[in-house]
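Since the structure comes first, as structure tokens, the remarks are kept for the end.
Excluded from the calculations below are hydrogen atoms, water molecules and symmetry mates; all remaining heavy atoms, backbone and side chain alike, are included.
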Amino acid sequence: MRGGWTLVWNELARGLEAALRAAGVDAGVALERIEWAVPRDRAHGDWTTNVAMTLAKGARRPPRALAEALAAAFPLEESPFRAVEVAGPGFLNFRYKEEWLAALPDRILAEGAAYGRSDRGAGTRVLVEYVSANPTGPMNVVSARAAAVGSGLVRLLDAAGHAPASEFYVNDSGNQVDLLGESVAARFAERIGESRPLPEEGYRGEYVRELAARLPEAEARAALSRADGASWFRDRALELVVEWQKSDLAAYGVTFDRWFRESSLHPGAVERTLALLEARGVTYRAERPEGVTEAAEARVKAEAGAAGGSGIATWLRTSAHGDSMDRVIVRSDGRPTYLLPDIAYHADKRERGFRHAINLWGPDHHAYVATLGAALRSLGLEPDFLHVLIVQQVNLLRDGQAVKMSKRAGEFDTLRDLLDDVGADNAKFLFLMRSSSSHLDFDLELAKRQNDDNPAFYVQYAHARIRSVLRKAAERNLAPAEGAGTALEAGPEVALARQLATWPELVRGAAAAREPHRVPAYLVETSAEFHRFYHECRVVGDDVAVSRRRLRLCAAAAQVLRNGLALMGVTAPERLERAAEASA
RNA sequence: GCGCCCGUAGCUCAAUUGGAUAGAGCGUCAGCCUCCGGAGCUGAAGGUUACAGGUUCGACCCCUGUCGGGCGCACCA
């Protein structure tokens with residue numbers, strides 16, 4: 001084990017290995033698959049494992065008997081545990097030594113911001129791509145959710161010992177940006193009193209006029225009269241929108257290691273990828289797909305009669321890797337479809353050394369997961385290279401009523417609107433609170449509330465409250481105890497210390513499952529545990545020894561809250577100002 | 001028609017990758033401030049995990065089917 005991290009599961013694994021040897025069980029590779037958990041029910045101890053049940057069959061011993069043997073052979077003396085019990089069908093339940101818990105606040109404070117970090121990810125390089133909103137307009141609230149989840153996931157992976165990088169894929173080729181350029185050109189013409197039609201499918205939002213107003217006028221006038229002026233407007237509009245997106249995300253506290261331009265893949269990487277696919281023999285030229293599942297068959301027939309079947313195209317055999325049908329990668333007119341540069345982009349990620357690509361996509365792309373995954377496998381990438389997280393839609397509510405979002409009219413709630421309304425901390429906390437795969441009701445009023453209706457506030461309040469107590473203690477020249485404290489008092493003190501002890505495991509598990517929403521849930525629990533402790537235990541009191549011990553525990557709790565909030569990109573305030581007007 | 005996601009307390013959501021008696025917040029009801037931040041805390045009520053089968057020591061989780069909701073099914077991106 002590298003580093004000085006407090007990792008209870010390392011202690012457990014070491015002890016268990018010894019116990020297995022002593023019990024004559026050859027766990028072999030199974031040891032890697034053993035699950036350790038903090039039981040939901042505290043009556044079941046501080047840590048539990050089902051190892052006896054999972055190894056029983058291989059060891060040809062009844063789970064209960066195996067558990068008894070392991071419990072007897074577990075070297076408790078040098079472990080953080082005073083007892084191990086066998087329960088139920090064969091669970092092994094461990095209980096902390098009092099002195100181990102009493103010393104925990106010291107370790108937490110010594111490790112500081114590193115408490116909770118581990119090397120379990122073994123430095124695996126992971127590229128997290130998120131938001132990647134089309135550079136054609138303002139970002140919406142789903143992008144805000146993706147930004148919160150994506151940046152949180154990157155920090156979480158880093159804390160768990162992976163080597164993550166973040167990327168925003170700028171879709172700067174194709175019809176959409178051409179249309180944006182045309183739309184801006186039309187609005188610029190309108191601005192200077194000339195006539196240039198807004199394209200049928202053009203962008204009509206008010207922001208297009210704002211973009212037009214920010215163009216350098218002389219150059220824009222010149223471009224307007226040139227035959228090839230459209231590309232000038234497209235390029236300028238694109239740069240303005242990308243800068244706009246960058247600054248909005250920065251205001252939200254979200255930055256990326258790289259903004260990757262799709263245009264950089266054309267034509268070199270795209271052509272190389274096509275050649276590679278052809279060399280692997282996974283493409284063919286035809287008018288119709290050859291590989292089609294029975295389910296998609298009817299649809300293909302229907303399409304053939306309609307607009308489709310317009311000539312000989314190049315197809316990729318994605319159906320060989322689980323897609324419902326083969327897909328066109330080069331149209332009959334020779335232009336690549338969106339799929340080909342996407343494959344090239346992901347091949348590029350792999351070539352850059354990333355072992356996993358985690359993509360956060362909107363709900364409208366979930367059908368594409370199977371297609372891209374199959375395409376990458378047909379290129380020879382590892383089956384587990386691509387991992388897509390669907391970030392589900394957000395329903396904005398105001399006092400329980402749906403807020404209307406009409407994209408057509410250009411009147412929709414943008415990421416910026418959201419920030420201005422509820423603030424970055426509240427937005428991020430609430431977005432991260434829920435599993436990203438489930439639809440989210442986001443109540444704008446609740447998000448601004450300064451009480452425990454609002455979990456972001458609740459956790460920040462707990463932190464500020466602790467800092468306030470520490471300040472109060474300092475006024476009385478009371479400092480937290482140094483060195484190993486005396487044993488904690490049974491009840492709230494021990495309960496709080498136990499809660500703090502599980503933080504590293506929470507980080508590890510959340511990172512492994514790629515579920516950042518476990519972090520805010522843990523922080524809410526920890527805050528509640530602190531408030532309970534605070535309510536029952538006078539911290540700054542007459543007994544100096546007790547005061548200093550409790551201050552130490554408080555400081556450790558604040559450290560854990562701060563570490564958790566940092567993973568979410570949420571601030572941990574030293575004090576909270578009371579809202580100007582109290583609620584009536 | 002086909003595919004994917006979802007269905008958990010009145011509401012919004014969890015449930016440590018198949019673990020022990022399914023938990024939080026809100027809302028409802030009943031309590032707690034001579035004292036460190038009451039912006040808080042305690043307790044109660046509230047469940048056939050949509051439904052029906054199956055798999056096994058054990059199922060909200062996996063499999064099959066049914067019902068209900070969302071999304072997607074271009075040589076668009």
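- A syn base is found at B/C33: its glycosidic angle is within 90° of 0.
- Between A/Glu182 and A/Arg234 no salt bridge is recorded (no basic side-chain N to carboxylate O distance below 4.0 Å).
- Residue A/Thr502 is out of contact with every strand shown, counting any heavy-atom pair closer than 4.0 Å.
- When distances are taken from the side chain of A/Gln450 to each of B/U16, B/A77, B/A39, the shortest belongs to B/A39.
- B/C63 and B/G69: their P atoms are spaced 23 Å apart (whole Å).
- Atoms CD1 and OH, on A/Ile312 and A/Tyr284 in that order, are 11.5 Å from each other to the nearest 0.5 Å.
- The shortest non-hydrogen separation linking A/Pro516 to A/Leu153 is CD-CD1, 4.1 Å.
- Here A/Arg532 reaches the OP1 or OP2 of B/U42: one of its side-chain N or O atoms lies under 4.0 Å away.
- Centre separation under 5.5 Å together with a plane angle under 30° holds for the ring of A/Phe91 and the six-membered base ring of B/A20, marking them as stacked.
- Taking the P atom of each, B/G7 and B/U21 are spaced 23 Å apart, rounded to whole Å.
- Between B/G37, B/C75, B/A77, one nucleotide has an atom nearer to the side chain of A/Asn134 than all others, and that is B/A77.
- Remark: B/G7 base-pairs with B/C67. Criterion, Watson-Crick or G-U wobble with two distances under 3.5 Å.
- Among the atoms of the strands shown, base atoms are found under 4.0 Å from some heavy atom of A/Phe457.
- A/Ala521 comes within 4.0 angstrom of nothing in the nucleic acid, heavy atoms only.
- Counting only heavy atoms from C-beta on, A/Gln392 has its side chain closest to B/C5 among B/C5, B/A20, B/A77.
- Checking B/C41, B/G37, B/C13 against every side-chain atom of A/His531, the shortest atom distance belongs to B/C41.
- When heavy atoms are screened at a 4.0 angstrom cut-off, A/Cys554 is found touching no nucleic acid atom at all.
- At a threshold of 4.0 angstrom between heavy atoms, the contacts of A/Thr48 include nucleobase atoms, whether or not backbone atoms are also involved.
- Rounded to whole Å, the separation between the C1' atoms of B/G68 and B/A52 comes to 15 Å.
- Among the atoms of the strands shown, base atoms are found under 4.0 Å from some heavy atom of A/Pro39.
- What separates CG of A/Asn426 from C1' of B/A39 is a distance of 14 Å, to the nearest Å.
- Judged by closest nucleotide on RNA chain B, A/Ser437 is the one of A/Ser437 and A/Ala513 placed further toward the 5' end.
- The residue A/Arg575 sits close to a base: some heavy atom pair falls under 4.0 Å.
- For A/Tyr458 and B/A39, the OH to C1' distance is 11 Å, given to the nearest whole Å.
- The base-pairing partner of B/C73, taking Watson-Crick or G-U wobble contacts with both distances under 3.5 Å, is B/G1.
- Listed pair A/Arg331 / B/C76 meets the phosphate criterion, a side-chain N or O lying under 4.0 Å from OP1 or OP2.
- Closest to the side chain of A/Met53, out of B/C75, B/C26, B/G19, is B/G19.
- Counting non-hydrogen atoms under 4.0 angstrom, A/Met433 reaches nothing in the nucleic acid.
- Within 4.0 Å of A/Ala512, counting heavy atoms only, lies at least one base atom of the nucleic acid.
- As rounded to whole Å, 16 Å separates atom P of B/U16 from atom CG of A/Leu156.
- Within a 6.0 Å sphere centred on CD of A/Glu85, heavy atoms belonging to other residues, nucleotides or ligands number more than 12.
- Here, B/A74 and B/U16 have their C1' atoms 43 Å apart, quoted to the whole Å.
- Salt bridge annotation for A/Arg64-A/Glu68: present, with a cationic side-chain nitrogen under 4.0 angstrom from a carboxylate oxygen.
- In this structure, A/Phe457 and A/Tyr461 have parallel ring planes: the angle between them is below the 30° cut-off, well short of the 60° mark.
- The side chain of A/Ser527 contributes no N or O atom lying less than 4.0 Å from OP1 or OP2 of B/G40.
- Remark on RNA chain B: of its neighbouring residues A/Val469 and A/Ala87, the 5'-side contact belongs to A/Ala87, judged by nearest-heavy-atom nucleotide.
- Atom CG in A/Leu440 sits roughly 15 Å away from atom C1' in B/G70 (whole-Å rounding).
- Using a 4.0 Å heavy-atom criterion, one finds that A/Leu339 contacts no nucleic acid atom at all.
- The side chain of A/Glu287 lies closest to B/C75, out of B/C75, B/C36, B/U16.
- Pair check for B/C62 finds B/G54; Watson-Crick or G-U wobble, both atom distances under 3.5 Å.
- A 3.5 Å limit on both hydrogen-bonding distances identifies B/G31 as the Watson-Crick or G-U partner of B/C41.
- Below 30°, between 30° and 60°, or above 60°: for A/Tyr345 and A/Phe260 the angle between ring planes is between 30° and 60°, a tilted geometry.
- Only the P atoms considered, B/C41 is 13 Å distant from B/G27, to the nearest whole Å.
- The side chain of A/Ser332 has B/C75 as its nearest neighbour among B/U12, B/C75, B/A77.
- Nucleotides B/G3 and B/G19 are separated by 33 Å at their C1' atoms, to the nearest Å.
- Counting non-hydrogen atoms under 4.0 angstrom, A/His517 reaches the backbone sugars and phosphates but no base.
- The existence of a salt bridge linking A/Asp333 and A/Arg331 is excluded, since no basic side-chain nitrogen approaches an acidic carboxylate oxygen closer than 4.0 Å.
- By the 30° and 60° cut-offs, the orientation of the rings of A/Phe431 relative to A/Phe442 is tilted.
- Nucleic acid contact for A/His366: base, since at least one base atom lies under 4.0 Å from a heavy atom of the residue.
- One interatomic measurement links the two molecules: CG of A/Leu561 to P of B/G37, which rounds to 17 Å at whole-angstrom precision.
- Listed pair A/Tyr368 / B/A74 fails the phosphate criterion, with no side-chain N or O lying under 4.0 Å from OP1 or OP2.
- Remark: C1' of B/C35 and CD of A/Glu475 are 15 Å apart, rounded to the nearest angstrom.
- A/Arg434 contributes no side-chain N or O that forms a donor-acceptor pair with the base of B/C13 under 3.5 Å.
- Here the nucleotide nearest the side chain of A/His44, chosen from B/A20, B/C13, B/C36, is B/A20.
- Heavy atoms of A/Pro363 sit under 4.0 angstrom from primed sugar atoms or phosphate atoms, though from no base atom.
- Pairing for B/U12 goes to B/A24, judged as Watson-Crick or G-U wobble with the two contacts each under 3.5 Å.
- Nucleotides B/A9 and B/U49 are separated by 10 Å at their C1' atoms, to the nearest Å.
- Donor-acceptor pairing under 3.5 Å, judged by distance alone, is absent between the side chain of A/Thr337 and the base of B/C75.
- Residue A/Asn454 is classed as having no contact, given no heavy-atom separation below 4.0 Å to the nucleic acid.
- On the P atoms, B/A50 is 8 Å away from B/C61, given to the nearest whole Å.
- With 3.5 Å as the limit, one finds no donor-acceptor pair spanning the side chains of A/Gln499 and A/Thr502.
- A donor-acceptor contact under 3.5 angstrom links the side-chain atoms of A/Asn50 to the base of B/G19.
- Closest approach to the A/Tyr338 side chain among B/A77, B/G40, B/C57 is made by B/A77 (side chain taken as heavy atoms from C-beta onward).
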